[in-house]
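Naming convention: chains lettered A, B, ... in sequence-line order (proteins, then strands); numbering from 1 in each chain. Note that the structure is predicted; figures quoted are calculated from it, not measured.
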There are 2 protein chains.
Amino acid sequence: MSPYDPSAFPPFAVTVDLVVLTVRRHALCALVVRRGEQPFQGRWALPGGFVRADEDLAGAAARELSEETGLCAHDPAVPGVDNGAHLEQLATYGDPKRDPRMRVVSVAHLVLAPDLPAPRAGGDANGARWAPVDELLAAGDQATAGLAFDHARILGDGVERARSKIEYSSLATAFCPPEFTVGELRRVYEAVWGVALDPRNFHRKVTGTPGFLVPAGGTTTRQGGRPAQLFRAGGATLLNPPMLRPEV
Amino acid sequence: MSPYDPSAFPPFAVTVDLVVLTVRRHALCALVVRRGEQPFQGRWALPGGFVRADEDLAGAAARELSEETGLCAHDPAVPGVDNGAHLEQLATYGDPKRDPRMRVVSVAHLVLAPDLPAPRAGGDANGARWAPVDELLAAGDQATAGLAFDHARILGDGVERARSKIEYSSLATAFCPPEFTVGELRRVYEAVWGVALDPRNFHRKVTGTPGFLVPAGGTTTRQGGRPAQLFRAGGATLLNPPMLRPEV
DNA sequence: GATCATAGTCGTCTGCCTGACGATAAACAG
DNA sequence: CTGTTTATCGTCAGGCAGACGACTATGATC
């Protein structure tokens, strides 16, 4: 075979799928939409859609994200904007049989977003909701009840990426509003990792890691108890030393 | 737009590109092939080719790898075979202008291989060689001399992935022959990271990390000096504690 | 208003890991 | 036999992490 021969290559459909994660009520949740068409009609699926002919992959992901949630993707290359969500490429899935209709290669993206009021249904979906990832992945074991296509696997990969990435990067702040307390950040780690962390050691650790948090000046009592200092995400993206996920 | 509408989607060409890394003569090297066609005719590029109509992405990468090098990819899902190389998906590149002829989405894969006798030229390439990544990436700065397409960026991403991944996984052993010494493994780390490591601390660290190395029984003196114990890669894939890349 | 529950913040202590480095061992080259 | 190279074992001090005690500041409840 002669690679890059423009006259003879099998045509593919290329889509982007989104694993949009957030933390609500102490649980890691993912955005899912109900499919309005065959196949898998009525089943939940990850949001996504075709990449347009003149569109970048990241651009397509950002467009789909905005269409489904109204979120504005925060491009790490353009700093300063943090009202949006973190978006990064996750992995690409191209099994020949993953879509029964045609050959589809899907470039999955991972989005980490602060808790949002309510998902708004995108054009093609009958509904959209935040579902705890535990539910979605547990349901995936039963053959018929799980997510459409190979989306359970994609979701699993996205969750695993998020779990490991908040260890050595400051991405956990992407789950928080612009100003947040140490306790709120700790609850993010606890929800994503599914463990309980010592508040005192956690406080020492995050406030001692240079560039992770900068004081925002105020305090809040929205979590009850003693007022807590408000922080903003610092400039550091890589944490040194990293946060360590407790052993099993 | 109605996602997954089979009747209307822009057709894409999907390729796999390979970042094949090895360590030769204390330097991290990548496999590059000389392009025999336009565009970028005569320039060096990463090996790769079209994904076939009935082929998995990983399968396409393994096929290209075998065609270009004769290496047998070691699928992590099928343990027991370690005569081959480690292969994993790296990232996907889909800028609309990355190929001047048509819309090509390339799923790049990363291969870590032990030092090989000599690359064998693949069908479409006039030549193939191992080039130190420092050279390739430095040349990428000068506009015309670098790798074809966006391959300098892909190579950079692959190198960065390899550098970070040998920190917390046992993947450095993928650069070694089946049986190797602690010193040989240390030279892998030194070449990939581009730093000098203390042989005594390194020895203590790797032999003390459970599951990283298992004694193979013999000794060798192929590196000169006192005979060194031979080891084989242990079952562990994640290192705990991780190897730490020295600070800058 | 006293008491309690909740959450936040500051310290202390101990064990482990790391980096720096000395010392010894076992091969080969001259 | 001496120097060179590489491997391997030990020692020591500093730093970080986990366990946990103590204190503070708010709202809720009686």
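The 12-atom threshold is exceeded at CZ of A/Arg222, counting heavy atoms of other residues, nucleotides or ligands nearer than 6.0 Å. More than 12 non-hydrogen atoms from other residues, nucleotides or ligands lie less than 6.0 angstrom from CZ of B/Arg163.
Across D/dT8, D/dG27, D/dA17, the shortest atom-to-atom separation from the side chain of B/Ala228 is found for D/dT8. For A/Asn201, taking side-chain heavy atoms from C-beta onward, the closest of the listed nucleotides D/dA7, D/dG18, C/dA27 is D/dG18. Listed nucleotides C/dT9, C/dA26, C/dC21 differ in distance to A/Pro199; the shortest reach to its side chain belongs to C/dT9.
Distance, B/Arg186 CZ to C/dG19 P: 14 Å, rounded to whole Å. Atom CG of A/Leu239 is separated from atom C1' of D/dC16 by 15 Å (rounded to the nearest Å). Summarising the geometry, the separation between CG on B/Leu185 and P on D/dA7 is reported as 11 Å, rounded to the nearest angstrom. For A/Leu230 and C/dA7, the CG to C1' distance is 14 Å, given to the nearest whole Å. If you take OH of A/Tyr189 and P of D/dA17, they are 13 Å apart, rounded to a whole angstrom. Between B/Phe202 atom CZ and C/dC17 atom C1' there is a gap of 16 Å when expressed in whole angstrom units. Nucleotide D/dT8 holds its P atom 14 Å from the CG atom of B/Asp198, rounded to whole Å. Following rounding to the nearest Å, A/Gln223 (CD) and D/dA25 (C1') show an atom-to-atom distance of 16 Å.
Between A/Arg226 and A/Arg204, the residue anchored closer to the 5' end of DNA chain C is A/Arg226, taking for each the nucleotide with the nearest heavy atom. Of the two residues near DNA chain D, B/Gln229 and A/Arg245, the one whose nearest nucleotide lies more 5' is B/Gln229. Mapping B/Thr221 and A/Val182 onto DNA chain C via the closest heavy atom, the residue that lands nearer the 5' end is A/Val182. In terms of position on DNA chain D, the residue among A/Gly225 and B/Arg200 whose nearest nucleotide sits closer to the 5' end is B/Arg200.
Phosphate contact (OP1/OP2 of D/dA7, side-chain N/O of B/His203, threshold under 4.0 Å): absent. Contact between the side-chain N/O atoms of B/Lys205 and the OP1/OP2 oxygens of C/dT18 is found at a separation under 4.0 Å.
Taking the six-membered ring where the residue is Trp, A/Tyr189 and A/Trp193 present perpendicular rings, their angle passing 60° and hence far from 30°.
The OG atom of A/Ser169 sits 7.5 Å away from atom NE2 of A/His86, with the distance rounded to the nearest 0.5 Å. Considering CD of A/Glu67 and CG of A/Leu18, their distance stands at 10.0 Å, rounded to 0.5 Å.
Among the protein residues, A/Arg222 comes within range of no part of the nucleic acid, since none of its heavy atoms lies under 4.0 Å from any strand.
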